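Have a look at the structure below before the remarks.
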Amino acid sequence: MNILITNDDGFDAEGILALTEALTGLGRLLIVAPTENKSGASSSLSLHKDIVVYRRFADRYAVDGTPVDCVHLALTGDFLPVRPDLVVSGINSGANLGDDTIYSGTVAAAIEGFPFNIPSIAFSLTNNPVKHFSTAVATARNLVEQWIKQPPTTPCLLNVNIPDIPPESLCGFVCTRLGRRYPAQAAVNKGGNGDILRFAIGNVGDIADGGNQTDFHAVAANKVSITPLTADMTNQAQITPLAQWLSA
């Protein structure tokens with residue numbers, strides 16, 4: 001098993017070191033991660049500049065780009081010694097629940113493996129700063145070991161959120177759907193002068209749908225949330241109504 005490890009918190013982040021520790025011994029580990037923190041980069045590609053890849057150690061590369069750049073180059077750049085069998089992203093400091101997945105570089109890095117038919121998993125801990133990386137280490141190893149022993153036929157793209165609590169306090173694993181948030185809070189006006197305005201992005205919205213079977217509900221119950229994702233953004237339910245509207 002050749003495992004590509006990446007993240008959005010940066011090559012030297014504690015989370016990717018913890019994920020590397022978790023997966024040591026399960027296969028050949030290939031680390032390709034951003035040179036600096038790229039949280040919130042979503043699925044952005046660096047299309048308007050050359051992307052520099054630094055070989056730090058054997059099978060360890062730092063990329064002057066986004067998380068998606070890292071995975072895309074790892075799969076198409078022909079600099080890795082072997083092709084990955086699995087893409088694993090994280091361990092993110094902070095949850096990626098519900099609508100958060102739209103913005104998450106951690107999740108986007110995992111999604112980038114999907115078009116290449118490579119199974120992918122994104123791991124996140126629910127607090128920032130993190131208190132219990134050991135919980136995520138145990139969870140990630142458990143899940144990847146099981147994946148290697150008996151790969152699921154579907155899904156091949158998972159978003160995993162782990163409560164930031166001691167390992168003995170976890171109440172199991174549960175398959176979930178994404179919840180929803182209310183719109184984000186207003187941007188914070190930081191002042192300005194004349195034609196120059198300065199803002200900070202506001203906090204995320206409160207939970208709008210955190211009911212049973214959602215990822216929000218699972219982590220609140222001290223369970224590891226595992227949500228199957230897809231890169232197909234088609235709203236299947238709207239195809240027929242839209243076609244009818246167009247024909248009219």
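The structure presented is a predicted model; accordingly, all values stated were derived computationally and were not measured.
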Is [X] atom [atom1] crowded by more than 12 heavy atoms from other residues, nucleotides or ligands, each under 6.0 Å away?
| X | atom1 | result |
| --- | --- | --- |
| E145 | CD | yes |
| Q185 | CD | yes |
| N189 | CG | yes |
| R181 | CZ | yes |
| N235 | CG | yes |

Discussion item. Please determine whether side-chain contact (heavy atoms from CB on, under 4.5 Å) holds for the pair V63 and T35, giving the CA-CA distance in whole Å, both sets of side-chain angles, and the decisive distance to 0.1 Å.
Written reply: CA-CA 5 Å; V63 178; T35 55; 5.6 Å; no
Is [X] linked to [Y] within one hydrophobic cluster, defined over Ile, Leu, Val, Met, Phe, Trp and Tyr using a side-chain heavy-atom separation of less than 4.5 Å?
| X | Y | value |
| --- | --- | --- |
| L30 | F79 | yes |
| M1 | V144 | yes |
| L97 | I162 | no |
| V88 | L29 | yes |
| V71 | L80 | yes |

Looking at every heavy atom in both [X] and [Y], which two are closest together, and how far apart are they?
| X | Y | answer |
| --- | --- | --- |
| T135 | P166 | OG1-C, 3.5 Å |
| P67 | K38 | CD-CB, 3.7 Å |
| V87 | G113 | CG2-CA, 4.4 Å |
| T66 | P34 | C-CG, 4.2 Å |
| A74 | V32 | CB-CG2, 4.1 Å |
| V219 | S225 | CG1-CB, 4.1 Å |

Roughly how far apart are [X] [atom1] and [Y] [atom2], rounded to 0.5 Å?
| X | Y | atom1 | atom2 | value |
| --- | --- | --- | --- | --- |
| C175 | Q213 | SG | CD | 9.0 Å |
| N159 | T101 | CG | OG1 | 6.5 Å |
| N7 | C70 | CG | SG | 8.0 Å |
| L170 | T139 | CG | OG1 | 5.0 Å |

Worksheet entry | Evaluation steps, side-chain hydrogen bond (donor to acceptor under 3.5 Å, both in side chains), between T234 and D232 | CA-CA 6 Å; T234 307; D232 182 1; 2.6 Å; yes
Item to complete: Output yes when a side-chain donor or acceptor of D215 lies under 3.5 Å from a complementary backbone atom of G179, and no otherwise.
Response: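 Present.
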Practice prompt. Please check if the side chain of T76 supplies one atom and the backbone of H72 the other of a donor-acceptor pair under 3.5 Å.
Written response: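 At least one qualifying donor-acceptor pair exists.
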Under 3.5 Å, side-chain donor or acceptor atoms of residues 241-248 against the rest of the protein: list the pairs with distances, not counting sequence neighbours.
residue	atom	partner	partner atom	Å
S247	OG	A243	O	3.4
S247	OG	Q244	O	2.8

Enumerate, atom names and distances included, each donor-acceptor pair closer than 3.5 Å involving a side-chain atom of residues 116-131, sequence neighbours excluded.
residue	atom	partner	partner atom	Å
S120	OG	A110	O	3.1
S120	OG	I118	O	3.0
S124	OG	N96	ND2	2.9
T126	OG1	D164	N	3.0
N127	ND2	D164	OD2	3.2

Minimum side-chain heavy-atom gap [X]-[Y] below 4.5 Å:
| X | Y | answer |
| --- | --- | --- |
| R83 | N2 | no |
| S93 | F133 | yes |
| L229 | L158 | no |
| F173 | K223 | no |
| I226 | V174 | no |
| E36 | F11 | no |

Item to complete: Would you please name every residue forming a ring pair (Phe, Tyr, Trp, His ring centres under 6.0 Å) with F199, sequence neighbours left out?
Response: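 Result, ring pair (Phe, Tyr, Trp, His ring centres under 6.0 Å) vs F199: none returned.
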Practice prompt. Before giving the answer on side-chain hydrogen bond (donor to acceptor under 3.5 Å, both in side chains), spell out for D8 and T106 the whole-Å C-alpha distance, their side-chain angles and the decisive distance to 0.1 Å.
Written response: CA-CA 5 Å; D8 73 353; T106 302; 3.1 Å; yes
Discussion item. Tell me which one of D209, T214, T227 satisfies side chain to side chain donor-acceptor pair (under 3.5 Å) with R177.
Written reply: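 Among the candidates, only D209 passes.
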Which pairs of donor and acceptor atoms, one on a side chain in residues 46-53, lie under 3.5 Å apart (sequence neighbours left out)?
residue	atom	partner	partner atom	Å
S46	OG	D69	OD2	2.5
K49	NZ	D64	O	3.1

Fill in: Y54 ring center within less than 6.0 Å of Y61 ring center
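Distance test on ring centres: not under 6.0 Å, no.
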Under 3.5 Å donor-acceptor pairs involving side-chain atoms of residues 15-28, not counting sequence neighbours:
residue	atom	partner	partner atom	Å
T20	OG1	I16	O	2.8
T24	OG1	T20	O	2.7
R28	NE	D59	OD2	2.9
R28	NH2	D59	OD1	3.2
R28	NH2	D59	OD2	3.4

Worksheet item: If you look only at pairs with a residue in residues 202-224, which of them pass as a ring-ring contact (aromatic ring centres under 6.0 Å, His included), with sequence neighbours excluded?
Response: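 Not a single pair qualifies under ring-ring contact (aromatic ring centres under 6.0 Å, His included).
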